[in-house]
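Scroll down for the structure; my scribbles are underneath it.
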Amino acid sequence: MASFLPDWLNPDVFLRNSPLGPWVVLLVCGIVFAETGLLVGFFLPGDSMLFTAGLLVATGAIQFNLWAMAGLIIVAAVIGNQAGYLIGSKAGPAIFNRPDSRLFKRENVEKAHAFFEKHGGKALILARFVPIIRTFVPVIVGVAQMGKGKFFLYNVIGALLWGGGVTLLGAWLGQYQWVGDNIDIIFIAIVLVSVLPIILEFVRGISAKKQAERFGTDVVDEFIEEHEPVEERKTHPDGK
């Protein structure tokens, strides 16, 4: 897989024997911030870079304290997602409230809001491990107006598990020669495991849509009604 990447996107190239020396850790943090917070950073390496950085610190190729690096990466990941959320919360409503827009509709925001209010934590954490998706999810969540406190909590949890977890995993497994020789296979396995829950959710969504079409029901309305607080249901005229 690495052979298809240009050198400036291949972590094993730009991190190993870097002219920046230990300061290359700041480059890693900058890439983490851009990939998790700026929409233009979707193409940057994520999991592979963190795993490689941990591996190179463990083998001495990068002269830096492992725990300090993991801490800096976690902070960069948290700040990155907060920046993405801010972009979505500030710019999103103005775009989606345009009355004559065919691509951006208010109902899409409401659906996204209902989804993330119910599955927001799980979705945010899982998105950390999926390339490209982790770049756009915080922006979408900002558009959907998820509560700031709730978003920050799951942002921190996701940053700890992804930023810290993948880095430390690379350092631990980097002690074994087989890992260094088969790092591409490990990257692919990480992506497959990360995407599996999303694939299952997608299949469930298709099944629910077919059932809704068969019985003439609106699956989105049913979802919102099912998870609506009990006290709000009592205020409906029909008692639902």
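For this chain, numbers begin at 1 and follow the sequence in order.
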- Item | Inter-residue atom distance Ile74.CD1 - Thr167.OG1, 0.5 Å rounding | 7.5 Å
- Query: Quick one: CG on Leu44 to CE on Met49, what's the gap to the nearest 0.5 Å?
  - Reply: 8.0 Å
- Item | Which atom of Leu161 lies closest to which atom of Ile125, heavy atoms considered | CD1-CG2, 4.0 Å
- Would you check if Val32 and Trp162 make a side-chain contact, meaning some heavy-atom pair closer than 4.5 Å? yes
- Task: Could you grab the distance from atom CZ of Phe51 to atom CG of Leu168, nearest 0.5 Å is fine?
- Result: 11.5 Å
- Message: Let me confirm one number: the CG-OG1 distance from Asp47 to Thr52, rounded to the nearest 0.5 Å.
- Response: 10.0 Å
- salt bridge (charged side-chain N to carboxylate O under 4.0 Å, His left out) partners of residues 14-35, not counting sequence neighbours, each pair once: Asp12-Arg16, Glu35-Arg134
- Message: Which heavy atom of Ile62 sits nearest to which heavy atom of Val25, and what is that distance?
- Response: CG2-CG2, 4.3 Å
- Heavy-atom closest pair, residues Pro138 and Phe151: CB-CZ, 4.1 Å
- Nearest 0.5 Å, what's the CZ-OG1 distance between Phe43 and Thr135? 10.0 Å
- Message: Taking atom CZ as the centre, does Phe64 end up with more than 12 heavy-atom neighbours from other residues, nucleotides or ligands that are less than 6.0 angstrom away?
- Response: yes
- So, for Val137 and Ala127, which heavy atoms are closest and what is the spacing to 0.1 Å? CG2-CB, 3.7 Å
- Message: Distance check, rounded to the nearest 0.5 Å: Ile140 atom CD1 versus Leu124 atom CG?
- Response: 10.5 Å
- Query: Linking I/L/V/M/F/W/Y whenever any side-chain heavy atoms sit under 4.5 Å apart, do Trp172 and Met69 land together?
  - Reply: yes
- If you look only at pairs with a residue in residues 55-69, which of them pass as a side chain to side chain donor-acceptor pair (under 3.5 Å), with sequence neighbours excluded? none
- Honestly curious: do Val28 and Leu169 fall in one hydrophobic cluster under the side-chain, below-4.5 Å linking rule? yes
- Item | Smallest separation among heavy atoms of Ala83 and Phe33, with atom names | CB-CE1, 4.0 Å
- Distance-minimising heavy-atom pair for Ala159 and Val78: CB-CG2, 3.5 Å
- Inter- and intrachain pairs under salt bridge (charged side-chain N to carboxylate O under 4.0 Å, His left out), touching residues 51-72, at least two apart: none
- Side-chain heavy-atom pair Tyr85, Asn155 within 4.5 angstrom cut-off: no
